[in-house]
Structure formats: C-alpha cells, structure tokens
Amino acid sequence: MLKVLIVEDNRFFREAFKKGLLDYLPSMVIEEAANGEEALQKIKEGLPALIFMDIRLPGINGLQLTQKVKKDFPDINIAILTDYDLPEYRQAAVQYGADRFYVKNSLKWDELETLVQSISPGAP
C-alpha cells in the first residue's frame, strides 16, 4: 500500500481531495496535515512515498517545506498543489525540489493515477 501525506491548510479541500483519491485509488493509506510543523511530525512518524503539498501554508510555506523534506528525505516524491498557475510558481517548485506541479482546479484523476503507478508499480 502506498503511503500518502496531504499537506493542505484548507480543511474542505484537504478532505475532498482525500476522498477523491480514495474513491479513485483505494489502495492508499492517506495521512493529513494542516501545516508544516504537523507535516514534519507525520513524516518522521512514518515516511510517506508521496506528499501532496500546498504552496501556501501557515508558518513555513510549502516550497520551504519541500526543500527541507527533499534535503532530509530525498526519495519522497512531492507534488505541489496550488490555486495559482503562475510560471514563477512552477519555476520555484522545481527550484525547491518538487517532483510534480498541479493546479487544483484542473486536477485530472488519470494524471494522479499515472503518478501513483510510477511510484508504486502495480497500484490500481
């Protein structure tokens, strides 16, 4: 089973995204965090294979957190989630070490399924 962490301060989006992932890809174990500190604690408790990371978080932002996670745990895949499809956000995501970049209002479940399969071959 693929372990996933969703780091998102908007509870409604976080819960809806988790439900969508589990509906579409039920063979996951999904943890949630509302901020960077909570995310770091959950990562230390049990390394996820994939993190969906919002850029805008209270405290440490998603880009800074991505950089820290990649430094300490380079094998964790990080997919940035944002409301803003801005070239400078895409560039910053790459610069800070993110593996993928998704715009929330144009997420495609088949793209997420491809991502999950690339991390966990044999996953539905």
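The analysis underlying the following values was restricted to heavy atoms, covering all of them including side chains, and did not include hydrogens, waters or symmetry mates.
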> What's the spacing between Tyr84 OH and Asn105 CG if we round to 0.5 Å?
Replying inline: 11.0 Å
> Sub-3.5 Å donor-acceptor pair from the side chain of Gln64 to the main-chain atoms of Ile60, do we have one?
Replying inline: no
>> When you group the ILVMFWY residues by side-chain heavy-atom contacts below 4.5 Å and let the links chain together, are Leu2 and Leu22 in the same group?
In response: yes
> Applying salt bridge (Lys or Arg N to Asp or Glu O under 4.0 Å), which residue pairs with at least one partner in residues 60-70 are found, sequence neighbours left out?
Replying inline: Lys68-Asp72, Lys70-Asp99
> To the nearest 0.5 Å, how far apart are CD in Glu15 and CD1 in Ile6?
Replying inline: 10.0 Å
>> If the condition is salt bridge (Lys or Arg N to Asp or Glu O under 4.0 Å), which residues does Glu111 pass it with, not counting sequence neighbours?
In response: none
> Does Pro74 have any side-chain contact (heavy atoms from CB on, under 4.5 Å) partners at least two apart in sequence or in another chain, and if so, which?
Replying inline: none
> For Glu37, what residues pass the side-chain contact (heavy atoms from CB on, under 4.5 Å) criterion, not counting sequence neighbours?
Replying inline: Asn35
>> For residues 43-64, which residue pairs pass the salt bridge (Lys or Arg N to Asp or Glu O under 4.0 Å) check, not counting sequence neighbours?
In response: Asp54-Lys104
>> Starting from Ile51, can I reach Tyr24 by hopping between I/L/V/M/F/W/Y residues whose side chains sit under 4.5 Å apart?
In response: no
> Going from CD1 on Ile55 to CG on Leu65, what distance comes out if it is rounded to the nearest 0.5 angstrom?
Replying inline: 12.0 Å
>> Do Ile76 and Val94 sit in one hydrophobic cluster, given that two such residues count as connected whenever their side-chain heavy atoms are within less than 4.5 Å of each other, even indirectly?
In response: no
> Considering residues at least two apart in sequence or located in another chain, which fulfil the ring pair (Phe, Tyr, Trp, His ring centres under 6.0 Å) criterion with Phe73?
Replying inline: none
>> The criterion is salt bridge (Lys or Arg N to Asp or Glu O under 4.0 Å); which residues satisfy it with Arg14, sequence neighbours excluded?
In response: Glu32
> For residues 79-94, which residue pairs qualify under salt bridge (Lys or Arg N to Asp or Glu O under 4.0 Å), counting only residues two or more places apart or in two chains?
Replying inline: Asp85-Arg90
>> If the test is side chain to side chain contact (heavy atoms under 4.5 Å, CB included), which one of Leu50, Leu25, Val4 qualifies with Ile30?
In response: Val4
> Met53 pairs by side chain to side chain contact (heavy atoms under 4.5 Å, CB included) with which of Ile78, Thr82, Asn61, Leu81?
Replying inline: Ile78
> Which pairs count as ring pair (Phe, Tyr, Trp, His ring centres under 6.0 Å) when at least one residue sits in residues 29-66, sequence neighbours excluded?
Replying inline: Phe17-Phe52
> To the nearest 0.5 Å, what is the distance between CE (Met28) and CE (Met1)?
Replying inline: 10.5 Å
> Among Asn77, Val69, Leu5, whose side chain to side chain contact (heavy atoms under 4.5 Å, CB included) with Pro48 holds?
Replying inline: Leu5
> Who are the side-chain contact (heavy atoms from CB on, under 4.5 Å) partners of Gln91, not counting sequence neighbours?
Replying inline: none
>> Same cluster or not: Tyr89 versus Leu57, using hydrophobic residues (I, L, V, M, F, W, Y) connected whenever any side-chain heavy atoms lie under 4.5 Å apart?
In response: yes
>> If you compare all heavy atoms of Ser118 against all heavy atoms of Arg100, which two are closest, and at what distance to 0.1 Å?
In response: OG-NH2, 3.7 Å
> Can you name the residues that form a salt bridge (Lys or Arg N to Asp or Glu O under 4.0 Å) with Glu31, not counting sequence neighbours?
Replying inline: Lys42
> In Å, rounded to the nearest 0.5 Å, how long is the span from CG of Leu112 to OH of Tyr102?
Replying inline: 5.0 Å
>> According to a hydrophobic-cluster definition based on side-chain heavy atoms being under 4.5 Å apart (Ile, Leu, Val, Met, Phe, Trp, Tyr only), do Leu47 and Val7 belong together?
In response: yes
> Who pairs with Ala93 by side-chain contact (heavy atoms from CB on, under 4.5 Å), at least two apart in sequence or on another chain?
Replying inline: Leu63, Ile80, Ala98, Phe101
